[in-house]
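Working notes, structure below.
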Amino acid sequence: VQLQASGGGLVRAGGSLRLSCAASGRVFSSYPMGWFRQGPGKEREFVAAFSWRTLYSDSVKGRFTISRDNAKNTVYLQMTSLKPEDTAVYYCAARTLSGGSYYEALNYDYWGQGTQVTVSS
């Protein structure tokens with residue numbers, strides 16, 4: 001079972017990026033999936049999740065959009081109006097177990113390797 005994140009890069013403030021997370025080895029279409037990020041010197045934090053509804057952190061609400069393509073077993077994170085404080089390594093994650101908050105990383109049991117997003121001012 002693998003999650004492969006891609007799409008990160010260097011972008012100027014105000015720009016956009018789309019991250020992708022492709023799942024292989026198991027069909028994740030029925031499981032909630034999420035994105036987290038970890039900035040320099042910071043703890044990993046929740047960004048967005050897609051279950052029976054979409055969830056966003058307050059810091060990205062209105063700027064980021066999470067979506068999924070079950071036929072491709074892929075989840076996306078469209079990021080717009082990027083800010084320097086969005087700079088972080090972004091991780092996709094899947095949870096196959098029930099219970100617990102979608103906002104907490106410990107409730108996700110599969111993780112991708114991370115993709116770096118750097119936003120310059």
Side-chain angles (χ1 to χ4, degrees):
V1 177
Q2 286 188 327
L3 299 179
Q4 182 72 36
S6 62
L10 174 63
V11 64
R12 290 186 177 180
S16 300
L17 282 174
R18 188 177 80 156
L19 305 183
S20 301
C21 177
S24 61
R26 186 169 182 173
V27 176
F28 284 93
S29 59
S30 60
Y31 298 119
M33 296 189 71
W35 288 95
F36 289 75
R37 67 186 182 187
Q38 188 164 13
K42 298 181 180 179
E43 294 185 354
R44 191 169 298 191
E45 65 173 357
F46 171 82
V47 175
F50 194 116
S51 58
W52 57 275
R53 60 188 176 119
T54 53
L55 301 171
Y56 297 97
S57 67
D58 288 342
S59 62
V60 308
K61 195 174 296 183
R63 300 187 298 121
F64 291 11
T65 303
I66 188 171
S67 62
R68 68 194 299 166
D69 185 336
N70 288 335
K72 296 182 178 180
N73 224 18
T74 300
V75 64
Y76 304 97
L77 185 68
Q78 179 68 50
M79 306 185 295
T80 63
S81 301
L82 283 162
K83 305 175 182 180
E85 50 264 43
D86 294 318
T87 294
V89 177
Y90 283 71
Y91 298 90
C92 61
R95 51 182 282 167
T96 63
L97 303 176
S98 61
S101 169
Y102 287 100
Y103 296 92
E104 296 182 9
L106 61 88
N107 294 317
Y108 291 75
D109 47 341
Y110 290 96
W111 289 86
Q113 85 288 2
T115 184
Q116 176 71 47
V117 172
T118 303
V119 184
S120 62
S121 58

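Worth saying up front: this structure is predicted, and the values here are computed from it rather than measured.
When each of Trp35, Tyr56, Phe46 is checked for a ring-ring contact (aromatic ring centres under 6.0 Å, His included) with Tyr103, only Phe46 meets the rule.
Arg63 pairs by the salt bridge (Lys or Arg N to Asp or Glu O under 4.0 Å) definition with Asp86, not counting sequence neighbours. For Tyr108, the ring-ring contact (aromatic ring centres under 6.0 Å, His included) partners are Phe36, not counting sequence neighbours.
Proximity of a side-chain donor or acceptor of Thr87 to a complementary backbone N or O of Val119 within less than 3.5 Å is detected. Between the Gln4 side chain and the Ala23 main chain, no donor and acceptor come within less than 3.5 Å of each other.
For the 3.5 Å distance criterion, the side chains of Thr118 and Gln116 qualify, holding a donor opposite an acceptor. There is no side-chain donor-acceptor pair under 3.5 Å between Asp69 and Thr74.
The shortest distance between side-chain heavy atoms of Arg95 and Tyr102 falls below 4.5 Å.
Using cut-offs of 30° and 60° for the angle between ring planes, the Tyr90 and Phe64 rings count as tilted.
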Audit row: Ser16, Gln78, side-chain contact (heavy atoms from CB on, under 4.5 Å) steps and yes/no: CA-CA 8 Å; Ser16 300; Gln78 179 68 50; 4.1 Å; yes
side-chain contact (heavy atoms from CB on, under 4.5 Å) evaluation trace for Thr115 with Leu19: CA-CA 8 Å; Thr115 184; Leu19 305 183; 4.0 Å; yes
Verdict with supporting geometry, Thr65 and Thr54, side-chain contact (heavy atoms from CB on, under 4.5 Å): CA-CA 9 Å; Thr65 303; Thr54 53; over 6 Å; no
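By the 6.0 Å and 45° rule, Arg44 stacks over the aromatic ring of Tyr91.
One finds the CE atom of Met79 at 12.0 Å from the CD1 atom of Ile66 (value rounded to the nearest 0.5 Å).
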